[in-house]
Amino acid sequence: MYSPADAETDVLARWDEANAFAVEPTTDPDEPTYSIVIPPPNVTAALHLGHALNNTLQDVLTRYHRMRGDRTLWMPGTDHAGIATQTVVEKRLLSQGIKRLDMGREAFVEKTQEWKDEYETVILEQLKALGASCDYDRTRFTMDDVCATAVRHAFFTLFQDGLIYRGKRLVNWDPVTRTALADDEVEMEEVEGHMWYLRYPLADGSGHVVVATTRPETMLGDTGVAVNPNDPQADAVRGKEVLLPIVGRTIPIVEDDYVVMADPEGEAKARIASGFLKVTPAHDPNDWDIGLRHDLEVINVMGPDGGITDKYGWTDVSDEARQFVGMSREDARTAIVAWFEANGLLEKVIDYSHSVGHSYRSHVPIEPWLSDQWYVAVTDDRLRGSALRAQAADQAGEVPEGVTPPGDTPGDGALRFMPPRYARSYHSWHENIRDWCISRQLWWGHQIPVWNRTVSVADASPEITAALDGAGVDQARPVESSWVSAGAAHLVRLVTEDEIEESVCVPPASSLGRLERADTSMDEPQLVAALEADGYVRDPDVLDTWFSSGLWPMSTMGWPWPEDFPETVGLLDSFNPTSLLTTAREIITLWVSRMVMFNRYFMDGQLPFQDVFIHAMIQDGHGQKMSKSLGNGVDPRDIIHTHGADAMRFSLAQMTTDTQDLRMPVDTICPHTGEAFTPEFIITAAGHTVAAPIQQSPAGDGRTMVSLYGVATGQVEPTDDQPLARNTSAKFDVGRNFANKVWNATRFALGSIEADAPAEPVAVADTAFVDRWILSRLAETTATIDNALGEYHFNVYADTLYHFVWNDFCDNYLEAIKPTVRDTPEQQVVLGTVLDAILRLMHPVCPFVTEALWPAVSAARIGTIAGVDLPESPLVVNATWPSIDGAVIDSSAAETFDRAHNLATEIRRLRAQREVKPKQRITIHVDDQVGGLISDAGGMVETLAGVGTVASANEELPQVSSAIAFEGSQVIVSDLVDEVDVGAEAERLDKAIADLEGQIKNLEGRLSNEGYVNNAKPELVQESRDQLVAKQADLEVAQAARAALD
RNA sequence: GGGCGUUUAGCUCAGUUGGCUAGAGCAUCUCGUUUACACCGAGAGGGUCGGGGGUUCAAGUCCCUCAACGCCCA
């Protein structure tokens, strides 16, 4: 039995000792290279099964290309994952009673660093355990010095080029983590809520209007009511004002065709509309736009925690409104609705389900909130346009209007998605893109390298006044100042009518030293000191994690100054663009797009990667995404422990098809007995099917255990009597069995090779029939695998390999050669050769078992075969991929094999039906035609079917026998049993006859159809005719045998 | 609301340009412990390819339509 744990430990040590994954850049531009940068896992937690899948696919390709002789780099690393990591660290500290704000920024970052170190170690160990053949000496982290330099240089360059700006905007605010989020970090969720219809009295006392809202609490910040100008209701209120209840604010009624008119017969929205829309520019993005169009006031009534407050711009708080200040947004909603009801201003309430943006981190509803944030102008043609121009024309078509079409820039039209349909997702996302908010109100991350100060318009210098000439509030302008002479970049903008914000971006020291600048008197620390002496304060915010991830294919290779980090010199030239990015589809916008924009912008149009492979999502047996909170995940470490890394890898690769998400029924492992069983499922309130918190042991002895779901939701705690049950999945058994099969087949084969090596390479033509056949199958298999991997058809690779090894090699070849191999040196050469090639072909997906077997196979091999090139290598990881001459493919051997195998199967079926003991040798009586086939097959039929004697049908036939129809000949089988069971025999033949008659009827029907005979391809028609003849012959044989029984 | 994907054996999935009696693994049933492997071998049973309509000599495959499930975008 193959023991993965022992083999894996040993093999890892050998790879490590040989430094087997290390690679140096090449200076030869013609040398083929292959490179992948790992999608850096977040340092928030250990790797899950999705990572195992993604990294398996990358490793399969990496190992394949390494063996093909490409200079191959797989660059590993991890991501600091700003908001995600900060959230988990804060949670952990809070459980110890420590608050982030109490400990201060520096101490908190230090704590987070400790967490990062811990999980980075776990992750890298997991990658190694998985067999990932990364060049670990090059491991990067998105916040290490190399990456930090890249981030600062990129930020500075974009800032200087006018592609980064600061503005006061409505952002997606997460009130729990208290930071802004980018648009694509917001997840829409359907929420069962209400639509409230509120009466707003007209200021002139002439009645009221009814506004419909899902968010009554924001009414405190209303600064207008809007109506559609085409709405008949508009005439009555044109030019009027409304007296805002509670607040007492007088606000205008404006006309805007954004407003949906009420229409009971219309679309869903019109049916619930009242025709009047309350406008809250500070708390709704659409209202913000309406406010801009009608010059409405912006009144912010909420704080960063989402609660009602007068601290952020709300100045006209009335006595009546005072009671709501300090409430949470949820409480305020209830209280305000109650107020309207109590005052007779609540018209009605209806149930209403609508989608609400939620934070992808904290999962609470997003609050549109007004604040100053930094943006990358990704809508600029230099970024968005470049991302669109990168797309292969046959995948995405034309660029949208307003975008410069592709030209001669390197990288234009070279980006390909696989499966191709994702090219369209990428394309349409860029059509509707908005500027990218990159500032995050966090402590863990790259702090924004900008120093700000505010000056009054009156005190502004002449350059600033000149720069701002004609600029409105919130419009940033570059300014030529002494800071610019000293190497920094300088932006100014009006934050209000009379206040100016100055922002100075300082490049990293290494860039500053290389810049051409008028004033070289200050280095970077001095420049910063000078700024701070002048009243500038560094922006406390950090950058969105994806800003540094977006630079990953460059930063890991030493960009922008590789010479400062000697180990990175040459990497960009050799390995960027990388060959492939594999990732899940949810990352296309967050990450793929940004890497394309950045790499192209900073590297003269060059792509970060040529191909993007989007892999499947792993779901549980009920089609639900695996997640911690549902407790339906499978830990890769558990699978490596129970099945082995190769088993996990093989199974995952085999499940990777173009179209399907992977559905993986999850079983529970009983901690008492170690047995895997299907747990009892319950359905949660949210409609998820999950393992019940407490499960009974399948042993049926009343012992119990708690499920991962139970623990994740805090419903149960594991105890000694009732321990936690881990998950597994029977899906991995295939891989485990396969590794075991190879292990045992190799042990057997090695014991059969003992001859001295023939002096000359063996010529294929001189070998036995089965040898020619298996070599032919080897050549075909290799070609199929090459095609499959070239097209990222991982399941085809795995299935082809499995079929070749298990069926062709083990079931047929090894069985067929058993009687001859020990006395046939040439056959031993073939056996050793095929075995060696199998280990190579299998290595990319099952690196451990192949490496573990490699020394023994290498040592046992004798001789070589002409046309099959398998040079020796101390390790299979660095061995060459099999190179097999096309002439080895022998189609006549393949055909003879198929016929002989069919004959053996017919005989075996008969044996099984008559329950003949395996040891029993039988006798068959055949005509010349079948005799010829048996002779051509060189003993294979006899061996596989347990035939002791092949006699001629012309000789006298035994009394006790059975007949088989085969290719129109009668094969008489005897020595099966002592007596013929006439009933069983008749039943068998009747079934065969019925079967043949069905087929004949089918063929006759087809051939009597004129349309078929006239229209189908002639060779197809001829084939049908031949088949008909053959089946009819078989039928006659079977009928004759049946008649003989009566 | 727009887009994409899926629906094939009890389960998990293959099925390239339409063309042999629709395949595999697991599960089930029968037989077998033949010194590589019971994580095994030999054999068997099991599918009107989600429903309906159409094109065609021929449809799992192409077109239309309906339904269910999943994902993305608004």
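A, B, ... follow the sequence lines: proteins, then strands. Residue 1 opens every chain.
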With no hydrogens and no angle check, do the side chains of [X] and [Y] hold a donor and an acceptor under 3.5 Å apart?
X	Y	answer
A/R747	A/N744	yes
A/Y258	A/D289	no
A/T583	A/H615	no
A/T656	A/N795	no
A/N740	A/R736	no

request  = Mind checking which stems touch RNA chain B? I mean at least 3 consecutive Watson-Crick or G-U pairs, both distances under 3.5 Å.
outcome  =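 Stems for RNA chain B, defined as runs of 3 or more consecutive pairs: B:1-7 with B:67-73, B:10-13 with B:23-26, B:28-32 with B:40-44, B:50-54 with B:62-66.
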Out of [options], whichever nucleotide has its closest atom nearest the side chain of [X]:
X	options	answer
A/C810	B/rC71, B/rG45, B/rA36	B/rA36
A/K917	B/rC37, B/rA36, B/rG32	B/rG32
A/L1020	B/rC13, B/rG19, B/rG43	B/rG19
A/R908	B/rC4, B/rA42, B/rA36	B/rA42
A/M1	B/rC13, B/rC39, B/rC37	B/rC39
A/W806	B/rC40, B/rA44, B/rA36	B/rC40
A/R736	B/rC39, B/rC13, B/rG45	B/rC39

Qualifying residues under side-chain contact (heavy atoms from CB on, under 4.5 Å), relative to A/P819, sequence neighbours excluded =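 Counting only residues at least two positions away or on another chain, A/P819 forms a side-chain contact (heavy atoms from CB on, under 4.5 Å) with A/T943.
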task = Could you pull out all residues at least two apart from A/F748 that satisfy side-chain contact (heavy atoms from CB on, under 4.5 Å)?
result =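 Only A/S752, A/L814, A/K818 meet the side-chain contact (heavy atoms from CB on, under 4.5 Å) criterion with A/F748.
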Which value, in whole Å, describes the distance between the [atom1] atoms of nucleotides [N] and [M]?
N	M	atom1	answer
B/rC40	B/rC26	C1'	15 Å
B/rA74	B/rC69	P	24 Å
B/rC13	B/rU55	P	35 Å
B/rC4	B/rG10	P	31 Å
B/rU7	B/rC49	C1'	10 Å
B/rG43	B/rC57	C1'	38 Å
B/rU48	B/rG60	P	13 Å
B/rC29	B/rG46	C1'	11 Å

query = Are the aromatic rings of A/Y797 and A/Y802 close, with centres under 6.0 Å apart?
reply =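 That pair fails the under 6.0 Å test.
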task = Examine A/F681 together with A/H622 and report whether their ring centres are nearer than 6.0 Å.
result =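 Yes: the rings meet the under 6.0 Å criterion.
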So, does [X] get its side chain near the phosphate of [N], meaning an N or O under 4.0 Å from OP1 or OP2?
X	N	result
A/W429	B/rC4	no
A/T657	B/rA14	yes
A/R421	B/rG5	no
A/N737	B/rC40	yes
A/K919	B/rU35	no

message = I want to confirm an ordering. Mapping A/Q913 and A/N795 to their closest nucleotides on RNA chain B, which one lands closer to the 5' end?
response =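 Residue closer to the 5' terminus by nearest nucleotide: A/N795.
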inquiry  = Let me spell it out: for each of A/A912 and A/V734, pick the nucleotide of RNA chain B with the closest heavy atom. Which residue's pick is nearer the 5' end?
reply    =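 The residue closer to the strand's 5' end, by nearest nucleotide, is A/V734.
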ask   = Which of these, A/N737, A/T642, A/I639, A/I640, sits in a side-chain contact (heavy atoms from CB on, under 4.5 Å) with A/F732?
value =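 Testing each of A/N737, A/T642, A/I639, A/I640 against A/F732, the sole residue satisfying side-chain contact (heavy atoms from CB on, under 4.5 Å) is A/I639.
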inquiry  = Applying salt bridge (Lys or Arg N to Asp or Glu O under 4.0 Å) as the test, list every pair that has at least one member in residues 1023-1033 of chain A; sequence neighbours left out.
reply    =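 Not a single pair qualifies under salt bridge (Lys or Arg N to Asp or Glu O under 4.0 Å).
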Contacts of type side-chain hydrogen bond (donor to acceptor under 3.5 Å, both in side chains), residue A/Q913, not counting sequence neighbours =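 Applying side-chain hydrogen bond (donor to acceptor under 3.5 Å, both in side chains) to A/Q913 gives none.
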Could you state the [atom1]-[atom2] distance from [X] to [N], rounded to the nearest angstrom?
X	N	atom1	atom2	answer
A/Q920	B/rG41	CD	P	23 Å
A/L944	B/rU34	CG	P	18 Å
A/L903	B/rG43	CG	P	13 Å
A/R747	B/rA36	CZ	P	9 Å
A/R988	B/rU30	CZ	C1'	17 Å
A/M664	B/rC26	CE	C1'	14 Å
A/I614	B/rC4	CD1	P	17 Å
A/Q624	B/rC69	CD	C1'	12 Å

task = Count the heavy atoms belonging to other residues, nucleotides or ligands that lie under 6.0 Å from CZ of A/R434, then report whether that count exceeds 12.
result =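 No - once you tally the heavy atoms of other residues, nucleotides and ligands closer than 6.0 Å, there are 12 at most.
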Touch check for [X], heavy atoms < 4.0 angstrom, all strands: base, sugar-phosphate only, or nothing?
X	answer
A/D811	sugar-phosphate
A/T905	sugar-phosphate
A/K1001	nothing
A/E815	base
A/R911	nothing
A/N1002	sugar-phosphate

At a cut-off of 3.5 Å, list every protein nitrogen or oxygen paired with a nitrogen or oxygen from nucleotides 54-64 of chain B, distance to 0.1 Å.
unit_1: B/rC57; atom_1: O2'; unit_2: A/N1009; atom_2: ND2; d: 2.5

